[in-house]
Colleague: 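Below: one structure in structure tokens.
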Amino acid sequence: MDILLLRIKENLSWSEIRGYVGCLGASGRAAVNKKANDTDKINALLSRLLVISEIERRTGLSRRKIKFTCGSFGKPYLKDSELQFSISHTRGAVCAAFGDGEELGVDVERRDRRVNEAMYKRVLNDEERFHATSDTDFIRFWVQKEAFLKRLGVGITRDLRGVNSLELPDTAVIDCGELLVGASGKGAPEAAVQEITLNELLDRFTVKL
């Protein structure tokens, strides 16, 4: 499993990167442009650019020939390919995982995300609550659950309390400073995170509107 992390500077404006929407297909452009605010548009655009550029690099397909399909609960797949991928984003970061053949999932969250008692009740079971001595522990459990459920292709349609993060196979948390990355799939416990800069990502695309 290969994991890529893109950190997004807080002062990045939509106007700085909006031209790269033209690198997406019609459905991708529509999905980005319908986002309600600039922050969501930035996350949606950069997520798609990261996935597309890695698919191009790993398969040799041109972006015009990249076709996606979806599982029963909306998990995206690359059509007619063994390449698996998963994408996640949070405030200030986009994360993606890639691997061949085996299902996988990834989730990223800020270590300092505010949590409350209602979230504890919704996400953690009794055993996890016993082991959660801090909000950081809560985030660790949460990203593991999300990554595992993404790997299964069901996402948060499943009751998070029914997934015990203390017993999940091939699932791990990777510390990345202010970020915690949950990864699930073959090789996840040994996986490392490789960072890519915004300039490196955008340099992979030469077409602007």
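FYI, the numbering just counts along the sequence from 1. This is a predicted model, so every value here is computed, not measured.
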Colleague: Once side chain to side chain contact (heavy atoms under 4.5 Å, CB included) is applied, do any residues pair with T133, and if so which ones, sequence neighbours excluded?
Modeller: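 Only D137 meet the side chain to side chain contact (heavy atoms under 4.5 Å, CB included) criterion with T133.
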Colleague: To the closest 0.5 Å, what do you measure between CD1 (I52) and OG (S62)?
Modeller: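 These two atoms lie 11.0 Å from each other.
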Colleague: R7: what forms a salt bridge (Lys or Arg N to Asp or Glu O under 4.0 Å) with it, not counting sequence neighbours?
Modeller: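 R7 satisfies salt bridge (Lys or Arg N to Asp or Glu O under 4.0 Å) with E178, E195 once adjacent residues are dropped.
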Colleague: Using modelled atom types only, decide if a donor and an acceptor are shared between the side chain of S81 and the backbone of L78 within a distance under 3.5 Å.
Modeller: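 Judged by distance alone, no pair lies under 3.5 Å.
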Colleague: Taking atom CD1 of I66 and atom CD of E56, what is their separation to the nearest 0.5 Å?
Modeller: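 So the gap between those two atoms works out to 5.0 Å.
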Colleague: Looking only at non-hydrogen atoms, find the nearest pair between V193 and C176 and report the distance.
Modeller: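 Minimum heavy-atom contact is CG2-SG, 3.8 Å.
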Colleague: If the condition is side chain to side chain contact (heavy atoms under 4.5 Å, CB included), which residues does K34 pass it with, not counting sequence neighbours?
Modeller: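 Result, side chain to side chain contact (heavy atoms under 4.5 Å, CB included) vs K34: none returned.
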Colleague: Taking side chain to side chain contact (heavy atoms under 4.5 Å, CB included) as the test, write out the residues that go with A183, two or more places apart.
Modeller: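 Per chain and number, A183 pairs via side chain to side chain contact (heavy atoms under 4.5 Å, CB included) with M1, I3, A188.
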Colleague: Is I174 reachable from L166 through a run of hydrophobic residues whose side-chain heavy atoms are each under 4.5 Å from the next?
Modeller: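 Shared cluster, no.
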Colleague: Rounded to the nearest 0.5 Å, how far apart are OG of S13 and CG of D38?
Modeller: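 So the OG of S13 and the CG of D38 are separated by 8.0 Å.
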Colleague: Membership question, hydrophobic clusters at under 4.5 Å side-chain separation (ILVMFWY): are L179 and L6 in the same one?
Modeller: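 No; tracing contacts between hydrophobic side chains, which count when under 4.5 Å, never links both residues.
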Colleague: Please step through salt bridge (charged side-chain N to carboxylate O under 4.0 Å, His left out) for the pair K150 and E103, ending with a clear verdict.
Modeller: CA-CA 9 Å; K150 286 184 177 182; E103 296 276 0; over 6 Å; no
Colleague: Is the closest side-chain heavy-atom distance between L198 and I8 below 4.5 Å?
Modeller: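 No, their side chains stay 4.5 Å or more apart.
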Colleague: Taking salt bridge (Lys or Arg N to Asp or Glu O under 4.0 Å) as the definition, give me every residue that meets it alongside E16, ordered by chain and number, with sequence neighbours left out.
Modeller: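 Only K9 meet the salt bridge (Lys or Arg N to Asp or Glu O under 4.0 Å) criterion with E16.
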Colleague: For the side chain of R29 and the backbone of L24, is there at least one donor-acceptor N/O pair under 3.5 Å apart?
Modeller: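 At least one qualifying donor-acceptor pair exists.
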Colleague: Given side chains that start at C-beta, do those of L149 and D107 come closer than 4.5 Å, heavy atoms only?
Modeller: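 SC-SC contact between L149 and D107 ruled out.
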Colleague: Can you run down the ring-ring contact (aromatic ring centres under 6.0 Å, His included) pairs that involve residues 97-132, sequence neighbours left out, and say none if there aren't any?
Modeller: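 Residue pairs passing ring-ring contact (aromatic ring centres under 6.0 Å, His included), neighbours aside: Y120-F138.
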Colleague: Would you kindly confirm whether V51 and F205 end up in one hydrophobic cluster when ILVMFWY residues are joined by side chain heavy atoms under 4.5 Å apart?
Modeller: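 V51 and F205: one cluster.
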Colleague: Applying side-chain hydrogen bond (donor to acceptor under 3.5 Å, both in side chains) as the test, list every pair that has at least one member in residues 182-194; sequence neighbours left out.
Modeller: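 Matches after skipping sequence neighbours: R151-S184, T171-S184.
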Colleague: Give a yes or no on whether L4 and V106 share a hydrophobic cluster (residues Ile, Leu, Val, Met, Phe, Trp, Tyr; joining criterion: side-chain heavy atoms under 4.5 Å apart).
Modeller: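 Unlinked, L4 and V106 end up in two clusters.
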Colleague: Kindly check if the number of other-residue, nucleotide or ligand heavy atoms within 6.0 Å of CG (N37) is above 12?
Modeller: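 Count over threshold, so yes.
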Colleague: Is there a side-chain contact between L46 and Y20, using heavy atoms and a 4.5 Å cut-off?
Modeller: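 When only atoms from C-beta onward are counted, Y20 and L46 do not touch, as no gap falls below 4.5 Å.
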Colleague: Atom NE2 of H89 and atom CD1 of I42: how far apart are they, to the nearest 0.5 Å?
Modeller: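 Answer for the NE2-CD1 pair, H89 versus I42, is 11.5 Å.
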Colleague: Okay, side chain of S88, backbone of C95: is any donor-acceptor separation there less than 3.5 Å?
Modeller: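 Judged by distance alone, no pair lies under 3.5 Å.
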Colleague: Can you pull out every ring-ring contact (aromatic ring centres under 6.0 Å, His included) where at least one residue sits in residues 48-69? Sequence neighbours excluded, please.
Modeller: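 Every ring-ring contact (aromatic ring centres under 6.0 Å, His included) pair that includes a residue of residues 48-69, provided the two are not neighbours, is F68-F85.
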Colleague: Hey, quick one: are M119 and F148 part of the same hydrophobic cluster, counting side-chain heavy atoms closer than 4.5 Å, chains of contacts allowed?
Modeller: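 M119 clusters together with F148.
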Colleague: What pairs with E117 under salt bridge (Lys or Arg N to Asp or Glu O under 4.0 Å), at least two apart in sequence or on another chain?
Modeller: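 For E117 the salt bridge (Lys or Arg N to Asp or Glu O under 4.0 Å) partners, ignoring immediate neighbours, are R129.
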Colleague: Please round to the nearest 0.5 Å and tell me the distance separating atom CD of E54 and atom CD1 of I87.
Modeller: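 So the CD of E54 and the CD1 of I87 are separated by 10.0 Å.
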Colleague: Could you go through D175 and R111, starting from their C-alpha distance and side-chain angles, then the distance that decides it, and tell me whether this counts as salt bridge (charged side-chain N to carboxylate O under 4.0 Å, His left out)?
Modeller: CA-CA 9 Å; D175 287 320; R111 186 189 296 269; 3.3 Å; yes
Colleague: Taking salt bridge (Lys or Arg N to Asp or Glu O under 4.0 Å) as the definition, give me every residue that meets it alongside D40, ordered by chain and number, with sequence neighbours left out.
Modeller: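 In terms of salt bridge (Lys or Arg N to Asp or Glu O under 4.0 Å), with neighbours along the sequence ignored, D40 is linked to no residue.
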Colleague: Return the set of residues passing side chain to side chain contact (heavy atoms under 4.5 Å, CB included) with N125 (not counting sequence neighbours), or none when no residue passes.
Modeller: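 E127, E128, N164.
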Colleague: Say you draw a straight line from CD of E109 to CD of E146; how long is it, rounded to the nearest 0.5 Å?
Modeller: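 It comes to 9.0 Å.
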Colleague: What pairs of residues pass the salt bridge (Lys or Arg N to Asp or Glu O under 4.0 Å) test when at least one of them lies in residues 79-95, not counting sequence neighbours?
Modeller: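 Every salt bridge (Lys or Arg N to Asp or Glu O under 4.0 Å) pair that includes a residue of residues 79-95, provided the two are not neighbours, is R91-D112.
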Colleague: I'd like to know whether D2 forms a salt bridge (charged side-chain N to carboxylate O under 4.0 Å, His left out) with R58, so could you lay out the CA-CA distance, the side-chain angles of the two residues, the decisive distance to 0.1 Å, and finally the verdict.
Modeller: CA-CA 11 Å; D2 299 319; R58 292 167 183 269; 3.1 Å; yes
